[in-house]
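Because only heavy atoms are used, hydrogens play no part in the values below, and waters and symmetry mates are left out as well, while side chains stay in. So that the names make sense, note that chain A is the first sequence line, chain B the second, and so on, each numbered from 1.
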Number of protein chains: 2
Amino acid sequence: MTTSGTADEPMALAAERLRAAGMRVTAPRMAVLTAVSDSGGHLDAETLRERAQRVTGRLSLQATYNVLRALTDAGLVRSTQIAGHPTRYETERHDNHHHFVCRACGSIRDVECVVGAAPCMEPRLPEEYDTQEAAVTFWGLCPGCRAATPVP
Amino acid sequence: MTTSGTADEPMALAAERLRAAGMRVTAPRMAVLTAVSDSGGHLDAETLRERAQRVTGRLSLQATYNVLRALTDAGLVRSTQIAGHPTRYETERHDNHHHFVCRACGSIRDVECVVGAAPCMEPRLPEEYDTQEAAVTFWGLCPGCRAATPVP
DNA sequence: CCAGACACTTGACCGATTCAAGAAAAGGCG
DNA sequence: CGCCTTTTCTTGAATCGGTCAAGTGTCTGG
């Protein structure tokens, strides 16, 4: 069987994580956090709302945004903005990884970065600049779209 | 006197560049292209419209978007999208440089990249991925805002 | 179990950008 | 040089992602 059974396990886990972060535990929060975790990342607010709704029965888009904001502020979720796409959300892994975006289908794939020694973290800027973070987006074609694209 | 005189020189230059790109030469296009060039980059559509208007006398925002699209497609202008900001435009220099964005004041500064050997251009991805471009955005505090910010 | 704080719903609103239809103007050609 | 076609500009409406605000509902600490 694919549905239910131990389907509330992730919910309990989500509750755990919310509590650990000092947040109130509510159905929408558990549902959204679970949706973000399960998906493997890179879903937008609307999609997350749809998924969360399957559990909560009903969830306003506004609430979804509220929850995502709260989860992001709490460090449980990381948001990423890709040019031309709505904001995407993924589980915060504290590994400062980057993203590859397919120009054809829009799919997103994580790209690991050598932790702590990310070469791209060293901009050629004067000393006075306080560089806190580097966000790298790789653009190109994913294997599927590359194969489907007639090479000129 | 501050106005006119040789003020139409950049216009002629813009006309030149448009023609070279095989585009029709129009007042809006010359004005916008000049505005992008003069500014040193990183202005949004609305600001560019204002500047261009000083020359053309009147220019719709829609036309500004049309022109910017055309210029971008023609490779004369490069557009950059920074999370939380409207799209910015700058003269295309074909040097694949990156951007530093101040979290406090939103100012943008170019960051040079070692041409041809950009370390950030080597994502750790399987062979089948066709990586065409890497966009790097550095986030932090510019000298001015850094000085103004009380260090905790 | 109750109060107060915090979260959710609904609905209006906003900024950035695009779509659509008609008027204007660029430029090739006779 | 002036016409005609094509492209571009103007105006106005619409879309999209997201936020603001007010009221109702629901956690959780005491």
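A salt bridge does not link A/D130 with B/R103: every distance from a Lys NZ or Arg NE/NH1/NH2 to an Asp or Glu carboxylate oxygen is 4.0 Å or more.
Rounded to 10°, the helix from C/dC1-D/dG30 to C/dG30-D/dC1 has 30° between the axis fitted to its first five pairs and the one fitted to its last five.
The shortest side-chain heavy-atom distance between A/P143 and B/P126 does not fall under the 4.5 Å cut-off. Looking at heavy atoms from C-beta onward, B/L68 lies in side-chain contact with B/L48 at the 4.5 angstrom threshold. Between B/F100 and A/T131 there is a side-chain heavy-atom pair separated by less than 4.5 Å. A 4.5 Å side-chain heavy-atom check between A/L141 and B/Y129 finds every atom pair outside the cut-off.
The CZ-C1' distance, from A/R69 to D/dG17, rounds to 14 Å in whole Å. The distance from atom NE2 of A/H85 to atom C1' of D/dG17 is 14 Å, rounded to the nearest whole Å. With rounding to whole Å, A/M30 atom CE is found 12 Å from D/dT26 atom C1'.
Bracketed by its first and final contacts, the part of DNA chain C lying under 4.0 Å from non-hydrogen atoms of chain A reaches from C/dG4 to C/dG11 in 5' to 3' order.
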Which donor-acceptor pairs under 3.5 Å do side chains of residues 14-40 of chain B form with protein atoms, sequence neighbours excluded?
from, atom 1, to, atom 2, distance (Å)
B/R17, NH2, B/S37, OG, 2.6
B/T26, OG1, B/R29, N, 3.3
B/R29, NH1, B/R24, O, 3.1
B/T34, OG1, B/M30, O, 2.7
B/S37, OG, B/L33, O, 2.9
B/S39, OG, B/A35, O, 3.3
B/S39, OG, B/V36, O, 2.9
B/S39, OG, B/G41, N, 2.9

N/O donor-acceptor pairs under 3.5 Å from side chains in residues 73-86 of chain A, not counting sequence neighbours:
from, atom 1, to, atom 2, distance (Å)
A/R78, NH1, A/H97, O, 3.3
A/R78, NH1, A/H97, ND1, 3.4
A/R78, NH2, A/H97, O, 3.0
A/T80, OG1, A/E90, OE2, 3.3
A/H85, ND1, A/R88, NH2, 2.7

Quiz item: Where along nucleotides 5-16 of chain D does protein come under 4.0 Å, by heavy atom, of base (B) or sugar-phosphate alone (S), with - for untouched nucleotides?
Solution: -BBSSBBB----
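A/D110 and A/H42 share a side-chain donor-acceptor pair at under 3.5 Å.
Applying the side-chain hydrogen bond (donor to acceptor under 3.5 Å, both in side chains) criterion to B/R51, with sequence neighbours excluded, gives no partner residue.
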